[in-house]
Amino acid sequence: MILPPVGGLYPMLPLAAPVSGRRRKRPALGTMAACGSVVLLLLLAVAPGPVRGSAGDREPLYRDCLGRCDRRNCTGAALRRFRARQPLCMRLTGWTCRDDCKYECMWLTVRLYLQRGHRVPQFHGKWPFSRFLFFQEPASAFASFLNGLASFLMLLRYKATVPPTCPMYPTCVAFAWVSLNAWFWSTVFHTRDTALTEKLDYFCASAVVLHSVYLCCVRTLGLQRPALISIFRAFLLLFLACHISYLTLVRFDYGYNMAANAAIGLLNVAWWLRWCLRNHPHLPHVWKCVAVVLLLQALALLELLDFPPLLWVLDAHALWHIGTIPLNVLFYSFLMDDSLYLLKANSDLLKAD
C-alpha cells in the first residue's frame, strides 16, 4: 500500500495497543432525500455511541510527534520560515503550521501501524486522506463540486425550458438554489474541515432535506391549497431555525442531527413514492422520480461501509457523492417534464373554460 511521504524528522516510538474509534458521522447530501432512508435509520440504531477521539489521535506516538513538531517548527523564527515558504493557496485556505504537523504525524503513525500489522487508525473521527494541493479530501471535494455543477447546469436548462408562468416554477428554482448552496458548502467542507465549515455543511444539508419535503408538499397538495402550503412553509422554517439553534447554542449532537435528517428524509421518500405510484398511469414521467428515490436509498448503503480510503483518496462517502451526480440530472429532468405537464394541463383547462 503506497503511503504519502512524511518528513521523517521524528524517532520511532513504541506503539500503544490500538484502541477503537468511530468515524464522525457526516451529512450524506443527496438531491431529494439526503440522509432520508431506512438504511440510515438502521445505521443510526446500530452505531456505537460518540467518543471523544480515535485510535490515531490517542496514540502516544502521534501525540509525542505532534508536540515535538509544534515546538520545533511552529514557534519563533521557525514559524516565520514556515510562513515564508508556505504556498499562497495553503495560506488562503487556512492551513497552519500545526495543521501541517498533524498531517505529517498522522502519516508517520499510519506507516508504523501498518508496519506492525495493525489496522489503519482514524484521526479525530476521520480516516487519513492524502492531501492534494490544499484539498483535504480531494475525491469528496471534487465530487461535491461536480454535483453543484450538475445542479447549476440543470437549473439553467430548467429556466430555459420552463416558462415562469408554470405553477411549480418558483418552487423548483428555489430548490435548485438551496441545493447549489449546499453543494458549495459541501465542497468547502471537504476542501478544509474546520468547526465552521463542518457546521455550514450540516446545516445546508438539512435545508436541502426540508426544502425537498416542501417541494413534495407543493406538488402534491399545495397547488390547490395555498393557505395550507403557507402554514407548512412556516413550520419548516421554524423547525430549521430550532434545529440550527440547538446544534449551535446547546450541543452539536451528531446522533441527533442524523436522526432528525433521516426521519424527515424518510417521510419525504414515502410521500414521493406514494404520489408517484398513484399518478403513474397518467403521468409517465414519474418513473424518473421513482428511480431517483430508490437509487438514493441504494446509494445510502455506502454509508454502512467504513473502510480506509482507496489510494488514500476514495472512501465510501466520496463514492456516495459520485453516485448522486447522475441522480441530480435525472431529478431535474423529472422536474422539467412535470412542470411542462402542469403548464399544458393548465392551458388545456383554460381553453376548455
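Bear in mind the structure is a predicted one, so any value in this text is a computation, not a measurement.
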- Message: If you apply the rule side chain to side chain contact (heavy atoms under 4.5 Å, CB included), what do you find for Y113 with R119, and how did you get there?
- Response: CA-CA 7 Å; Y113 261 60; R119 296 176 59 187; over 6 Å; no
- Evaluate side chain to side chain contact (heavy atoms under 4.5 Å, CB included) for L79 paired with N73, printing each intermediate quantity in order. CA-CA 6 Å; L79 178 58; N73 303 315; over 6 Å; no
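- Expressed to the nearest 0.5 Å, how far CZ of R225 lies from OG of S230 amounts to 13.5 Å.
- A291 and L330 make their closest contact through CB-CD2, 4.0 Å (heavy atoms, listed as atom of the first residue, atom of the second, distance).
- Annotation: the span from L319 atom CG to L314 atom CG amounts to 4.5 Å, rounded to 0.5 Å.
- Of the possible polar contacts, none joining the R192 side chain to the F134 backbone as a donor-acceptor pair under 3.5 Å is found.
- Nearest heavy atoms, C276 versus V286: O-CG2, 3.7 Å.
- Sorted by first and then second residue, the ring pair (Phe, Tyr, Trp, His ring centres under 6.0 Å) pairs involving residues 142-169 (not counting sequence neighbours) are Y158-Y169.
- Annotation: cation-pi geometry satisfied between K199 and F252 (NZ/CZ under 6.0 angstrom from ring centroid, within 45° of ring axis).
- At least one donor-acceptor pair closer than 3.5 Å links the side chain of T194 to the backbone N or O of T197.
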- Item | Criterion side chain to side chain contact (heavy atoms under 4.5 Å, CB included) on W177 and L155, from CA distance to verdict | CA-CA 8 Å; W177 283 114; L155 170 61; 3.7 Å; yes
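- For the pair N147 (side chain) and H321 (backbone), a donor-acceptor distance under 3.5 Å is present.
- Close placement of the Y62 and F123 rings is indicated, their centers lying within 6.0 Å of each other.
- Nearest heavy-atom pair across V313 and P138 is CG1-CB, 4.5 Å.
- H211 is not listed as a side-chain neighbour of L236, based on a closest heavy-atom distance of 4.5 Å or more.
- With rounding to the nearest 0.5 angstrom, the CZ atom of F135 is 9.0 Å from the OG1 atom of T187.
- Side chains of W272 and S212 form a contact here, defined as non-hydrogen atoms less than 4.5 Å apart.
- T93 places a side-chain N or O within 3.5 Å of a backbone atom of M90 that can act as its donor or acceptor partner.
- Counting heavy atoms of neighbouring residues, nucleotides and ligands inside a 6.0 Å radius, atom CZ of R91 exceeds 12 of them.
- Taking the six-membered ring where the residue is Trp, the centroids of W185 and H190 are separated by 6.0 Å or more.
- The shortest heavy-atom contact between S245 and A241 is OG-O, 2.7 Å.
- Side chains of D201 and D193 form no contact here, defined as non-hydrogen atoms less than 4.5 Å apart.
- Separation of atoms OG1 (T171) and CD1 (I229) is listed at 7.5 Å; rounding is to 0.5 Å.
- Between L299 and L327, the closest side-chain pair of non-hydrogen atoms falls below 4.5 Å.
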- Message: side chain to side chain contact (heavy atoms under 4.5 Å, CB included) for N328 and M154? Distances and angles first, verdict last.
- Response: CA-CA 8 Å; N328 265 303; M154 292 306 292; over 6 Å; no
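- Aromatic ring orientation, F175 versus Y332: tilted (interplanar angle from 30° to 60°).
- In terms of modelled atom types and a separation under 3.5 Å, the side chain of S333 and the main chain of V329 share no donor-acceptor contact.
- Counting only distance, with no hydrogens or angles, the side chain of T109 and the backbone of C105 share a donor-acceptor pair below 3.5 Å.
- Between E137 and K126, at least one side-chain nitrogen of the basic residue sits less than 4.0 Å from a carboxylate oxygen of the acidic one, meeting the salt-bridge criterion.
- Criterion: ILVMFWY side-chain heavy atoms under 4.5 Å apart, direct or through other members. Under it, V208 and L237 are not part of a common hydrophobic cluster.
- Counting only heavy atoms from C-beta outward, the side chains of L311 and S130 never approach each other to under 4.5 Å.
- With hydrogens and angles ignored, the 3.5 Å screen pairs no side-chain donor or acceptor of S186 with any backbone N or O of A182.
- R131 and D99 are not joined by a salt bridge, as no carboxylate oxygen comes within less than 4.0 angstrom of a charged side-chain nitrogen.
- Between the SG atom in C89 and the CH2 atom in W95 there is a gap of 11.0 Å [rounded to 0.5 Å].
- Judged purely by atom type and a 3.5 angstrom limit, N261 uses its side chain to pair as donor or acceptor with the backbone of N257.
- The shortest heavy-atom contact between D315 and F129 is OD2-CZ, 3.4 Å.
- Cys pair C97 and C74 passes the test of SG atoms under 2.5 Å apart.
- Between F334 and W275, the ring-plane angle classifies as perpendicular under the 30° and 60° cut-offs.
- Using a 4.5 Å heavy-atom threshold, the side chains of V162 and V173 count as separate.
- By the 30° and 60° cut-offs, the orientation of the rings of Y103 relative to W107 is perpendicular.
- Atom CG of L146 and atom CD1 of I325 lie 4.5 Å apart (nearest 0.5 Å).
- Side chains of L335 and M168 form no contact here, defined as non-hydrogen atoms less than 4.5 Å apart.
- Proximity of L340 to C166: side-chain heavy atoms (C-beta onward) are nowhere separated by under 4.5 Å.
- In this structure, Y246 has its ring center closer than 6.0 angstrom to the ring center of Y256.
- Few gaps surround CZ on F232; more than 12 heavy atoms of other groups in view lie less than 6.0 Å from it.
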- Query: Checking disulfide (SG to SG under 2.5 Å) for the pair C101/C69: CA distance, chi angles, key distance, verdict?
  - Reply: CA-CA 6 Å; C101 284; C69 181; 2.0 Å; yes
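- When all heavy atoms are compared, the tightest approach of A316 to F307 is N-CZ, 3.5 Å.
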